[in-house]
Amino acid sequence: MKNVEKYQRNYFMPPEASFKWVEKEYIDHAPIWCSVDLRDGNQALVVPMSLEQKIHFFRYLVKVGFKEIEVGFPAASETEYVFLRTLIEENMIPDDVTIQVLTQARPHIIEKTFESLQGTKSAIVHLYNSTSLAQREQVFKKSKEEIKEIAVSGAKMLKEYAEKTEGNFRFQYSPESFTGTEIEYALDVCNAVLEVWKPTANNKVIINLPATVSMSMPHVYASQIEYMSEHLNYRENIYLSVHCHNDRGCGVADTELGLLAGADRVEGTLFGNGERTGNVDVITLALNMYSHGIDPKLDFSNVPEAIQIYEEVTHMKVSDRQPYSGKLVFAAFSGSHQDAIAKGMKYREETGTDKWTVPYLLIDPQDIGREYESDVIRINSQSGKGGIGYLLEQNYGILMPAEMRENFGYIVKDVSDHEHRELMPSEIYDLFIKTYVNILDPWSHVKTTFERNGIFKANVQIKTASGEEKIIFGEGNGRLDAVFHALKIHIGLNMNIYTYKEHALEQGSTSKAMAYVGIQTEDGHVVWGVGVHNDIIEASIQALFSAINKMKG
C-alpha cells in the first residue's frame, strides 16, 4: 500500500519485562463489571437515547446483573443530568447497584457533577484527563508537570466536594489515552492522584487504564497493565480497571489479556457499541468465560431479549456474525459441519453426558436462548445429507435410511441452488412429501389379502390412473416380498428391494407409521418410496408402490 512510511508504532513498552501473565492459562473468576452503555455507548449514537429509552436500558442492565453502571456525563448534557436526577429521586437504583458518572478535572464541571449526585446512595465519580504524548504536544500544548497538575487538582476537588455533598462516593481516575502515554509517566500521574486520595481497605479507589485508542497488539497492552499493577502505590486498596476500544479489532483480546495481567475490573458495552469501532463487547467477554466453565456473574441466558432491547434503544443492528449473538453464529450450512453437529447431538443423547463437546458449537445455543431448529441447521445449496436428515428428524420425526439421505440431499440442494436461497424446514418437509410419499401414478394400491402355507401368497388389488382395477398375484418370504413379486411379474422388470425400514411417527397404539423402500433397478440405480399409514403393513405396501411408480415415472 502507498504511504506506509507515514505510520509508526506510537505506543510505549514498559521499561522492564512484564510477562508473568503469559503463565496463566485462563481467566478463573469474573471481574467487576461496569456497563458504560449509557455514557460511552450513548454518546456514540447518531441519535442519542431519550430519557425514556435510557431508563428502559438502565433497568435491563440491572436485570442482567451489572452492579456498576456508568449513567452519563451529567455536567455536559441536560438529558443526562435529568436522567441521573430521575434515577435518584424516583428511587430506581437498587441498593446493590452503584452508579458512575464522568467528569473532567475542571472546577465548574466537578461542582455540577456533585450537584447532580445529591442524595444518591452510592456513586463512583470518574475523573479523567488525557496524558498521551500526542495530546500533550498537539492539543493542550502543556508539559508533563502541567498535565499531572490537572489530574492532582481534580483529585483534590473530588475530595472537597465529596465531603460537603450528601451521598456515598467512591473515586475513579483514568489517564485518558493511556495506550499513547509513556508508561513511567502514566504511573507517575496515577500515583500522584493516589497520594491525594490515600485509599484504604475500607475506602478503595479505581484506577482505570483505557485503551482509548487501541495502538498495539494485545500482548503489549497486557505488559503495560502488568507493569502498572506491580508498581502502583496502594495496590492492595485499588481496583485496577480496563476500558478497551476496538480500533484494531482487538478489544476482547486486549481485555482478556489485561485481566490475566492483573486487572480486577472491566468497563464495556453490550455488543461493543462505542466511539469509532466501538468498545469491548461485554457479552462476548462474559460468554467466553462461560464457555470455559466459569460463571461470569452476568445473566445472558436470553440473548434474543438483549438484542431486541439494544436495537430498540440504539437504532443499531447486531451483526449476523457477532460472536454468540448474531443470528448466524450457530448456523451450519456446510454439509460436513451439519453432519458433525448432528452426530454430536446424537452422541449426547446416546451417552447421556452432561458435558458439552458438540463439534463446531462452542456452547449449547439453548443456554443463551437460541433454538436448534431455527438457529443451528440451515439448509441451502451448500448443505449436506446429514443436516437435512437431522432437520427432518428433529422437526417431523422422519428417520430416513442413511442411503436415502444422500438421494434427498441432492434434491434439496438442487432446489436451493436453482432458487438461490435458503430453504425453510417446512419447505424441506413439503419437498420430501412431494418427492417420496404415497405416489399414486401409474398404479395405486386398493387392498391385499394374504394366505400363508410355508410362504406368503398375496392377492393384490391395484388401480390404474385411468380408474381400471385388477388383481395380481405373487409369492414371497414375507408379506411385502409377496406383494413385490406380484408387482414385479405384472410390470415385467428385473428389480429387487435394496432397503426397507419402518418406524412409528408418534407414540401410541393409533399413531401413524412411516415405511421406506428402496428399489434397485437392473442397472444398479436405486429409487425410493415412502408410505404413511396407521397400519404398518399398509404403510410398507404404499412405500413399495411409491418407489415403483417413481421408477416407472
Side-chain angles (χ1 to χ4, degrees), residues 32-45 47-106 109-128 154 158 161-162 165-174 176 205-206 208 210 239 241 243 265-275 278-280 282-283 298 306 309-310 312-314 316:
I32 300 167
W33 299 104
C34 178
S35 161
V36 295
D37 293 87
L38 294 168
R39 194 273 300 174
D40 208 357
N42 183 50
Q43 75 183 22
L45 298 176
V47 180
M49 298 176 216
S50 66
L51 176 63
E52 292 74 20
Q53 288 173 325
K54 288 171 78 76
I55 290 172
H56 182 46
F57 204 0
F58 176 82
R59 286 173 169 159
Y60 177 72
L61 294 170
V62 170
K63 176 183 174 181
V64 167
F66 284 99
K67 301 304 180 186
E68 296 182 2
I69 302 173
E70 188 168 74
V71 295
F73 197 149
S77 165
E78 183 64 20
T79 300
E80 296 190 14
Y81 184 94
V82 171
F83 171 52
L84 177 54
R85 292 311 307 162
T86 302
L87 292 178
I88 295 170
E89 292 169 7
E90 297 191 14
N91 199 30
M92 293 182 179
I93 307 168
D95 291 341
D96 62 345
V97 173
T98 299
I99 57 171
Q100 178 172 303
V101 294
L102 187 69
T103 180
Q104 293 174 330
R106 301 170 66 184
I109 292 179
I110 292 175
E111 179 180 10
K112 181 81 170 180
T113 299
F114 276 92
E115 175 189 310
S116 72
L117 288 168
Q118 287 277 357
T120 187
K121 298 173 186 175
S122 177
I124 297 168
V125 183
H126 180 184
L127 175 74
Y128 79 96
L158 257 60
Y161 278 94
T165 305
E166 177 190 358
N168 298 304
F169 306 105
R170 288 190 286 138
F171 301 145
Q172 173 173 328
Y173 174 68
S174 291
E176 190 198 5
V205 301
I206 300 165
N208 184 57
Y239 295 114
S241 178
H243 178 126
R265 181 178 182 268
V266 169
E267 294 187 347
T269 60
L270 303 190
F271 307 109
N273 182 33
E275 293 284 6
N279 290 6
V280 67
V282 170
I283 295 178
L298 292 174
I309 292 172
Y310 169 80
E312 176 185 324
V313 301
T314 67
M316 297 179 70

Peer 1: Kindly say whether Ile124 contributes a backbone atom to a donor-acceptor pair with the side chain of Gln100 at under 3.5 angstrom?
Peer 2: no
Peer 1: Decide yes or no for Ile309 and Leu270: does some side-chain heavy atom of the first lie under 4.5 Å from some side-chain heavy atom of the second?
Peer 2: no
Peer 1: For the OG atom of Ser116 and the CZ atom of Phe83, what is their distance to the nearest 0.5 Å?
Peer 2: 12.0 Å
Peer 1: Do Glu68 and Arg170 have side chains that approach each other closer than 4.5 Å (heavy atoms only, starting at C-beta)?
Peer 2: yes
Peer 1: So do the side chains of Ile32 and Lys67 get within less than 4.5 Å of each other, counting heavy atoms only?
Peer 2: no
Peer 1: Find the distance between CD (Glu267) and NE2 (His126) and round it off to the nearest 0.5 Å.
Peer 2: 5.5 Å
Peer 1: Please tell me if the side chains of Asp37 and Phe58 come closer than 4.5 Å, counting only heavy atoms from C-beta onward.
Peer 2: no
Peer 1: Return the SG to CG distance between Cys34 and Asn208, rounded to the nearest 0.5 Å.
Peer 2: 8.5 Å
Peer 1: Taking all non-hydrogen atoms of both residues into account, name the closest pair between Leu61 and Ser35 and its distance.
Peer 2: CD1-OG, 3.3 Å
Peer 1: Sequence neighbours left out, what passes side chain to side chain contact (heavy atoms under 4.5 Å, CB included) with Gln43? Give chain and number order.
Peer 2: Arg39, Asp40, Glu275
Peer 1: Can you measure from CD1 (Ile109) to OG1 (Thr103) and round to the nearest 0.5 angstrom?
Peer 2: 5.5 Å
Peer 1: List the steps, then state whether side-chain contact (heavy atoms from CB on, under 4.5 Å) holds for Phe271 with Ile283.
Peer 2: CA-CA 6 Å; Phe271 307 109; Ile283 295 178; 3.5 Å; yes
Peer 1: Looking at Leu102 and Pro74, what are the two nearest heavy atoms and their distance?
Peer 2: O-CD, 4.1 Å
Peer 1: If only atom types and distance count, is the side chain of Asn168 paired as donor or acceptor with the main-chain N or O of Lys121 below 3.5 Å?
Peer 2: yes
Peer 1: Heavy-atom count around Tyr239 OH within 6.0 Å, excluding the residue itself: above 12?
Peer 2: no
Peer 1: Any idea which heavy atoms bring Leu158 and Phe114 closest together, and the distance?
Peer 2: O-CZ, 3.6 Å
Peer 1: Mind listing the closest non-hydrogen atom pair of Thr98 and Ser122 along with its distance?
Peer 2: OG1-OG, 3.0 Å
Peer 1: Taking C-beta and beyond as the side chain, do Gln104 and Tyr128 meet within less than 4.5 Å on heavy atoms?
Peer 2: yes
Peer 1: Quick one, Glu70 and His243 - any side-chain contact, counting heavy atoms below 4.5 Å?
Peer 2: no
Peer 1: What's the spacing between Thr113 OG1 and Tyr81 OH if we round to 0.5 Å?
Peer 2: 10.0 Å
Peer 1: Would you say the side chain of Pro94 lies within less than 4.5 Å of the side chain of Val62, judging by non-hydrogen atoms?
Peer 2: yes
Peer 1: Could you tell me whether the side chain of Arg85 and the main chain of Gln118 form a donor-acceptor pair under 3.5 Å?
Peer 2: yes
Peer 1: Please name all residues satisfying side chain to side chain contact (heavy atoms under 4.5 Å, CB included) with Thr314, sequence neighbours left out, ordered by chain then number.
Peer 2: Leu45, Met49, Asn273, Tyr310, Met316
Peer 1: With side-chain contact (heavy atoms from CB on, under 4.5 Å) as the criterion, how do Met92 and Arg59 come out once you've worked through the C-alpha distance, each side chain's angles and the decisive distance to 0.1 Å?
Peer 2: CA-CA 8 Å; Met92 293 182 179; Arg59 286 173 169 159; 3.6 Å; yes
Peer 1: Find the distance between CD1 (Ile99) and CG (Leu84) and round it off to the nearest 0.5 Å.
Peer 2: 4.5 Å
Peer 1: Taking the side chain as every heavy atom from C-beta outward, state whether Glu80 and Asn42 have any atom pair closer than 4.5 Å.
Peer 2: yes
